[in-house]
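Keep in mind the model is a prediction, meaning the values are calculated, not measured. Note that the numbering runs from 1 along the sequence shown for the chain. Ligands are counted one by one from 1 in listed order, and the atoms in each one are counted from 1 as well.
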Amino acid sequence: MQKPTKRILSGVQPSGDLHLGNYLGAIKNFVSLQKEYECFFCVVDLHAITVWQDPKVLADKTREVTAAFIASGIDPKKNNIFVQSQVPQHAQLAWIFNCVARMGWLNRMTQFKDKAGKNSENVSVGLFSYPTLMAADILIYLATHVPVGDDQKQHLELTRDIAQKFNNDFKTDLFPIPEPLIFGQATRVMSLRDGSKKMSKSDPSDYSRIMLTDTADDITLKIKKAKTDPLPLPEYVKDLNSRPEAQNLVSIYASLQNNSLEDIINKYKGKEFSLFKKDLIDLAVSKLEPITLEMNKLKSDFAFIDTVLKEGKDKAITVAEPVLAKTKEIIGFLG
Ligand code: TYM
């Protein structure tokens with residue numbers, strides 16, 4: 001089996017509307033990486049059902065994430081865009097990895113603790129073993145690099161541990177030890193209402209996040225209402241460290257504009273937030289509105305989206321199947 005040297009896999013859940021964190025922390029980076037890498041971009045519906053999903057909505061959201069990838073600039077001809085549940089090798093490898101990963105490793109996952117909260121006895125078993133499926137998503141393609149936002153770092157460390165343990169236990173070098181690609185100015189976009197909390201789909205306040213489905217008016221209102229502190233913008237980037245809301249808005253601006261934090265601070269130092277926010281609104285609308293319009297157009301073209309997903313699925317299976325077959329042979333399963 002030929003081993004790739006520059007292959008990417010990443011996934012996005014169809015568990016609600018995509019927000020600015022998903023775009024700046026992940027999808028925007030996918031777009032820039034597609035030139036250099038062979039890419040597999042997966043809509044991870046198996047991950048989505050670790051918490052309740054309305055069956056009437058899930059299919060729409062799966063197409064919507066696909067549309068968002070393409071509207072953001074991922075070329076479906078050059079890259080493999082597909083749905084996780086349509087490639088059964090993911091779930092099969094995940095079971096094997098459930099038998100490789102240790103309870104202690106999974107018990108340390110902070111995202112599980114955050115999501116389960118005080119309710120840990122009552123959440124699904126899938127939510128707990130979620131990272132082993134993520135490891136399978138990556139390793140079933142022998143992916144070497146994984147672009148994600150900062151919140152997925154711990155899951156990638158676990159993926160590396162699983163690959164290493166499998167290779168050691170079975171005295172093989174089948175699985176690569178994949179490298180996380182966490183880069184850009186907005187690796188962790190924070191809530192617009194509270195700079196200490198991550199922007200997320202599950203925050204009860206709509207004003208905490210900008211959605212890729214938002215209109216220009218929605219974006220304007222949300223940025224106007226975004227929490228700031230009473231001081232003007234600082235002289236130096238380091239002064240943002242103690243001002244989480246200011247840091248978040250400056251990072252969003254820098255990422256949307258593909259500039260450094262220094263450039264933005266040099267432009268706005270000493271200026272009031274009212275002026276900065278006005279420019280941020282113009283920038284956000286100019287960058288996001290075309291994506292939203294294209295996404296809305298594409299997502300209702302089921303024939304187009306489903307053709308892209310079918311082609312992606314077929315290609316994904318041709319790569320995943322031999323890796324699963326090799327894994328089973330190594331373990332000692334009958335062929
Ligand atoms: P998900 O669907 O929660 O998020 C998709 C991507 O968006 C990034 N992200 C953020 N980046 C910056 N700031 C934020 N506030 C923010 N919120 C989300 C995430 O880091 C992610 O890159 N478990 C993954 C999906 C997954 C996956 C995989 C990723 C399943 N299998 C294999 C990589 C490789 C998740 O729930 O992402």
Side-chain angles (χ1 to χ4, degrees), residues 7-31 33 39-51 53 61-62 64-66 68-69 72 82-85 87 90-91 93-94 97 109-112 114-115 126-127 129-160 162-163 178-203 208-212 244 247-248 251-252 255-256 316 320:
R7 182 180 286 164
I8 274 178
L9 176 121
S10 199
V12 175
Q13 295 194 56
S15 54
D17 290 345
L18 294 174
H19 55 68
L20 190 63
N22 301 128
Y23 177 66
L24 296 180
I27 300 172
K28 179 169 175 278
N29 290 346
F30 301 169
V31 175
L33 291 163
C39 297
F40 290 79
F41 297 121
C42 184
V43 187
V44 291
D45 54 351
L46 297 175
H47 277 106
I49 62 158
T50 55
V51 297
Q53 300 298 328
K61 294 291 162 200
T62 302
E64 186 173 295
V65 173
T66 309
F69 284 165
S72 302
F82 65 101
V83 178
Q84 188 185 32
S85 65
V87 182
H90 289 235
L93 186 62
F97 286 169
M109 293 296 111
T110 52
Q111 196 165 81
F112 175 75
D114 291 347
K115 285 197 175 167
L127 191 68
S129 65
Y130 176 115
T132 61
L133 175 59
M134 194 165 149
D137 297 338
I138 297 165
L139 295 172
I140 196 73
Y141 301 100
L142 306 180
T144 54
H145 295 83
V146 186
V148 281
D150 180 71
D151 62 334
Q152 298 299 318
K153 202 169 166 185
Q154 199 186 27
H155 292 158
L156 288 186
E157 280 157 13
L158 188 100
T159 300
R160 292 164 62 90
I162 290 176
E179 292 293 333
L181 296 175
I182 301 174
F183 64 96
Q185 304 297 353
T187 55
R188 194 174 183 84
V189 178
M190 308 308 276
S191 157
L192 300 181
R193 306 301 296 157
D194 177 351
S196 68
K197 274 181 21 197
K198 193 182 71 171
M199 183 177 284
S200 90
K201 293 171 190 165
S202 53
D203 192 311
S208 70
R209 61 187 162 251
I210 292 173
M211 308 291 207
L212 284 193
Q247 176 153 49
N248 191 35
S251 304
I252 291 172
S255 176
L256 284 168

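- Formation of a donor-acceptor pair under 3.5 Å by the Ser191 side chain with backbone atoms of Asp194 is found in this model.
- Listed by atom number, the atoms of ligand 1 under 4.0 Å from Leu9 heavy atoms are 32 (C), 34 (C).
- For the pair Lys153 and Val148, the minimum side-chain heavy-atom distance is 4.5 Å or more.
- Distance from atom 36 (O) of ligand 1 to its nearest protein heavy atom, with residue and atom name: Tyr130 OH, 2.5 Å.
- Residue contacts with ligand 1 for Asn22 involve both N, CA, C or O and side-chain atoms from C-beta outward (heavy atoms, distance under 4.0 Å).
- For atom 13 (N) of ligand 1, the closest heavy atom belonging to the protein is Val189 N, 2.8 Å.
- With a 4.0 Å heavy-atom cut-off, ligand 1 is reached by the side chain of Asp137 but not by its N, CA, C or O.
- A pairwise comparison of heavy atoms in Asp137 and Leu9 identifies O-CD1, 3.3 Å as the closest pair.
- With hydrogens and angles ignored, the 3.5 Å screen pairs no side-chain donor or acceptor of Thr187 with any backbone N or O of Ile182.
- The shortest heavy-atom contact between Leu133 and His90 is CD1-O, 4.0 Å.
- Protein heavy atom in closest approach to atom 3 (O) of ligand 1: Gln13 NE2, 4.0 Å.
- Given atom 26 (C) of ligand 1, the protein heavy atom at minimum distance is Gly11 O, 3.8 Å.
- In the vicinity of Met199, heavy-atom distances shorter than 4.0 Å reach the ligand 1 atoms 15 (N), 17 (N).
- Between Lys201 and Asn22, the closest side-chain pair of non-hydrogen atoms falls below 4.5 Å.
- Scanning the protein for heavy atoms near atom 11 (N) of ligand 1, the closest one is Gly21 O, 3.1 Å.
- Between the side chain of Lys115 and the main chain of Val51, no donor-acceptor pair closer than 3.5 Å is present.
- Although no hydrogens or angles enter the test, the distance criterion places a donor-acceptor pair under 3.5 Å between the side chain of Ser72 and the main chain of Ala68.
- Shortest contact from atom 17 (N) of ligand 1 to any protein heavy atom: His19 CE1, 3.5 Å.
- The nearest heavy-atom contact from the protein to atom 20 (O) of ligand 1 is Asp151 OD1, 2.4 Å.
- Residue-ligand proximity, Gln152 to ligand 1, at heavy-atom distances under 4.0 Å covers atoms 19 (C), 20 (O), 23 (N), 24 (C), 35 (C), 36 (O), 37 (O).
- Close approach of ligand 1 to His47 (heavy-atom distance below 4.0 Å) involves ligand atoms 30 (C), 31 (N).
- Set against the non-hydrogen atoms of Ala26, the atoms of ligand 1 under 4.0 Å away are 6 (C), 7 (O), 22 (O).
- Between Arg160 and Glu157 no salt bridge is recorded (no basic side-chain N to carboxylate O distance below 4.0 Å).
- Proximity of Val146 to ligand 1, defined as any heavy-atom pair under 4.0 Å, is confined to the side chain (atoms from C-beta onward).
- Counting the atoms of ligand 1 from 1 in the order shown, those under 4.0 Å from a heavy atom of Thr187 are 11 (N), 12 (C), 13 (N).
- In this structure, the protein non-hydrogen atom closest to atom 22 (O) of ligand 1 is Gly149 N, 3.1 Å.
- The two residues Thr50 and His47 make their nearest non-hydrogen contact at OG1-O, 2.7 Å.
- Neither the backbone nor the side chain of Leu133 has a heavy atom within less than 4.0 Å of ligand 1.
- Shown in contact with Gly25 at under 4.0 Å from a heavy atom are these atoms of ligand 1, numbered in order with element: 11 (N), 12 (C).
- In terms of modelled atom types and a separation under 3.5 Å, the side chain of Asp45 and the main chain of Ser85 share a donor-acceptor contact.
- At distances below 3.5 Å, not a single donor-acceptor pair connects side-chain atoms of Arg7 with backbone N or O atoms of Thr144.
- Interface atoms of ligand 1 facing Lys198, defined by a heavy-atom separation under 4.0 Å, are 15 (N).
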